[in-house]
**Q** 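Pasting in a structure now, in structure tokens, and then I'll have a few things to ask.
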Amino acid sequence: MKSLVSRSYLRQLLCIGALTPALLRLQPVNFASLGLTGITAAGLVYYYQHIKEQKKDATRTLSAGKAAIGGPFDLADGDGNTFTEKDLLGEFALLYFGFTFCPDICPDELEKMAKAVNSLEQAGKSIQPVFISIDPERDSPKQVKQYVKEFHPKMLGLTGTIKQVKDAAKAYRVYFTKTDESKDYLVDHSIIMYLIDPKGDFVSFYGKNYTADQLATAIGSQIEKWKA
């Protein structure tokens, strides 16, 4: 007997990062269709547990001291110039990893980021929004530069070689993979924003479940705490 999995349940798993967007596009959604993507019921449970353990590890690390998230990266800005983590020092930064050909989730998340940035700036809290492409094969510096300006004039767009992008994603524990090898492929990836303080240290992360208002409130609290 095929076991039906409700779309609402899958979306809850997506919000906490336990599933990737491509799975939600399957119709109908059941364990048989999940199997078409190489994810069995047992695999789904394993992956969900793996994500839970990662979150527990992050929490334990935060309670013990500096989180093992973030670090050096070497990418290129919209003009093709070298851009590293040191270029973000001196101001809070909010990072999001995605790709310019993303049909819905990335635009939604970047619009949310832009609204949160505007709310924070209206409250006198400065923050630098940053978009990092995880699709370097298609996202050139020029493409990324044009893309981010659709969301916020202050937003930075970064990309790089395949290795540079993989290294940056690894530093922030970002999952991503191409869905297929066609020219119109999509990229499944983590849907997380990362808050970095003016010293370049990781502060917190925010999932897809946050609204723009909730995101602004949470980040504002972290900024106030850091300044205290």
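Residue numbers run from 1 in the order of the sequence given.
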**Q** How far apart are the C-alpha atoms of Met193 and Glu109, what are their side-chain angles, what is the distance that settles it, and do they pass the side-chain contact (heavy atoms from CB on, under 4.5 Å) test?
**A** CA-CA 9 Å; Met193 295 185 197; Glu109 291 301 287; 3.7 Å; yes
**Q** Treating Gln164 as the side-chain partner and Asp74 as the backbone partner, does any N or O pair qualify as donor plus acceptor under 3.5 Å?
**A**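 Yes; at least one donor-acceptor contact below 3.5 Å.
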**Q** Measuring from atom CD of Gln128 to atom CG of Leu94, what distance do you get when rounded to the nearest 0.5 angstrom?
**A** 10.0 Å
**Q** Minimum heavy-atom separation for Phe131 to Tyr147, with atom names?
**A**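 Closest heavy-atom pair between Phe131 and Tyr147: CZ-CE2, 4.0 Å.
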**Q** When you compare the side chain of Leu195 with that of Ile127, does any pair of heavy atoms fall below 4.5 Å?
**A**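 Ile127 vs Leu195: side chains touch.
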**Q** Would you say that Tyr172 contacts Ile192 through its side chain, given a criterion of any heavy-atom pair below 4.5 Å between the two side chains?
**A** no
**Q** How far does CD1 of Ile219 sit from CE of Met113, to the nearest 0.5 angstrom?
**A**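 Rounded to the nearest 0.5 Å, the CD1-CE separation comes to 8.0 Å.
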**Q** Could you measure the distance from the CD1 atom of Ile69 to the OG atom of Ser204? Nearest 0.5 Å is fine.
**A**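 The distance works out to 9.0 Å.
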**Q** Using the side-chain contact (heavy atoms from CB on, under 4.5 Å) criterion, which residues pair with Gln214? Sequence neighbours excluded.
**A** Tyr210, Thr211
**Q** Do other residues, nucleotides or ligands put more than 12 heavy atoms under 6.0 Å from the NZ atom of Lys178?
**A**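 Yes, NZ of Lys178 has more than 12 neighbouring heavy atoms, counting only those of other groups under 6.0 Å.
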**Q** Is there a path from Trp226 to Leu120 through hydrophobic residues (I, L, V, M, F, W, Y) whose side chains come within less than 4.5 Å of each other?
**A** yes
**Q** Do the side chains of Asp201 and Ile196 get nearer than 4.5 Å, heavy atoms only?
**A** no
**Q** Determine whether Thr177 and Val187 satisfy the following criterion, side-chain contact (heavy atoms from CB on, under 4.5 Å), listing intermediate values before the conclusion.
**A** CA-CA 5 Å; Thr177 185; Val187 182; over 6 Å; no
**Q** Between Ser190 and Phe205, is there a side-chain heavy-atom distance shorter than 4.5 Å?
**A**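 Side chain of Phe205 against side chain of Ser190, heavy atoms only: no contact under 4.5 Å found.
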**Q** List in chain and number order the residues that pass salt bridge (Lys or Arg N to Asp or Glu O under 4.0 Å) with Lys163, two or more places apart in sequence or in another chain; answer none if no residue qualifies.
**A** Asp167
**Q** Distance check, rounded to the nearest 0.5 Å: Leu110 atom CG versus Ile105 atom CD1?
**A**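 Reported value, rounded in 0.5 Å steps: 11.5 Å.
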**Q** Going through the checks in order, is the side-chain contact (heavy atoms from CB on, under 4.5 Å) test met by Asp139 and Val165?
**A** CA-CA 11 Å; Asp139 287 346; Val165 167; over 6 Å; no
**Q** Whether Glu224 and Lys227 form a salt bridge (side-chain N of Lys/Arg under 4.0 Å from carboxylate O of Asp/Glu) is what I want to check.
**A**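 No, no charged N to carboxylate O under 4.0 Å.
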**Q** Which atom names give the shortest non-hydrogen contact between Arg173 and Ala68, and what distance separates them?
**A**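 Where Arg173 meets Ala68 most closely, the heavy atoms are NH2-O, 2.9 Å.
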**Q** How many angstroms lie between CG in Leu186 and CG in Asp104, if you round to the nearest 0.5 Å?
**A** 8.5 Å
**Q** Do the non-hydrogen side-chain atoms of Val130 and Tyr194 ever get within less than 4.5 Å of each other?
**A**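 In short, these two side chains do not touch, never coming nearer than 4.5 Å.
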**Q** Do His189 and Asp135 have side-chain N/O donor and acceptor atoms under 3.5 Å apart?
**A** no
**Q** Taking the six-membered ring for Trp and the full ring for Phe, Tyr or His, determine whether the centres of Phe97 and Phe176 are under 6.0 Å apart.
**A** no
**Q** When you look at NZ of Lys115, are more than 12 heavy atoms from neighbouring residues, nucleotides or ligands closer to it than 6.0 Å?
**A** no
**Q** Heavy atoms, side chains only, cut-off 4.5 Å: are Glu111 and Phe151 in contact?
**A** yes
**Q** Would you name the heavy atoms of Val144 and Thr159 that are closest together and state the gap between them?
**A** CG2-CB, 4.1 Å
**Q** Would you say Gln146's side chain and Gly78's backbone share a donor-acceptor pair under 3.5 angstrom?
**A**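 No.
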**Q** Locate the shortest heavy-atom distance separating Ala116 from Ala212; write the atom from each residue and the value.
**A** CB-O, 3.8 Å
**Q** Under the 6.0 Å and 45° cation-pi test, does Arg138 pair with Tyr185?
**A** yes
**Q** So with a 6.0 Å cut-off around NZ of Lys170, is the heavy-atom count from everything else above 12?
**A** no
**Q** Hey, what do you get for NZ (Lys149) to CG (Leu156), rounding to the nearest 0.5 Å?
**A** 6.5 Å
**Q** Can you tell me if Lys166 has over 12 outside heavy atoms packed within less than 6.0 Å of its NZ?
**A**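 Open.
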**Q** Gln143 and Thr100: side-chain donor and acceptor closer than 3.5 Å?
**A**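 Result is yes, a qualifying pair exists.
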**Q** What closest approach, in Å, do Ala93 and Leu88 show between heavy atoms, and which atom pair accounts for it?
**A** CB-CD1, 4.2 Å
**Q** Are any side-chain N or O atoms of Asp79 and backbone N or O atoms of Asn81, one a donor and one an acceptor, separated by less than 3.5 Å?
**A**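 No; zero donor-acceptor contacts below 3.5 Å.
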**Q** Give the intermediate values and the outcome of side-chain contact (heavy atoms from CB on, under 4.5 Å) for residues Thr84 and Asp87.
**A** CA-CA 6 Å; Thr84 74; Asp87 292 301; 3.8 Å; yes
**Q** Side chains of Ile132 and Val174: does their closest heavy-atom pair fall under 4.5 Å?
**A** no
**Q** Would you mind reporting whether Tyr96 and Met155 have side-chain heavy atoms less than 4.5 Å apart?
**A**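 Sidechains of Tyr96 and Met155: no contact.
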**Q** Looking only at heavy atoms, which two atoms of Ala171 and Gly71 are closest? And how far apart?
**A**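 Where Ala171 meets Gly71 most closely, the heavy atoms are CB-N, 4.5 Å.
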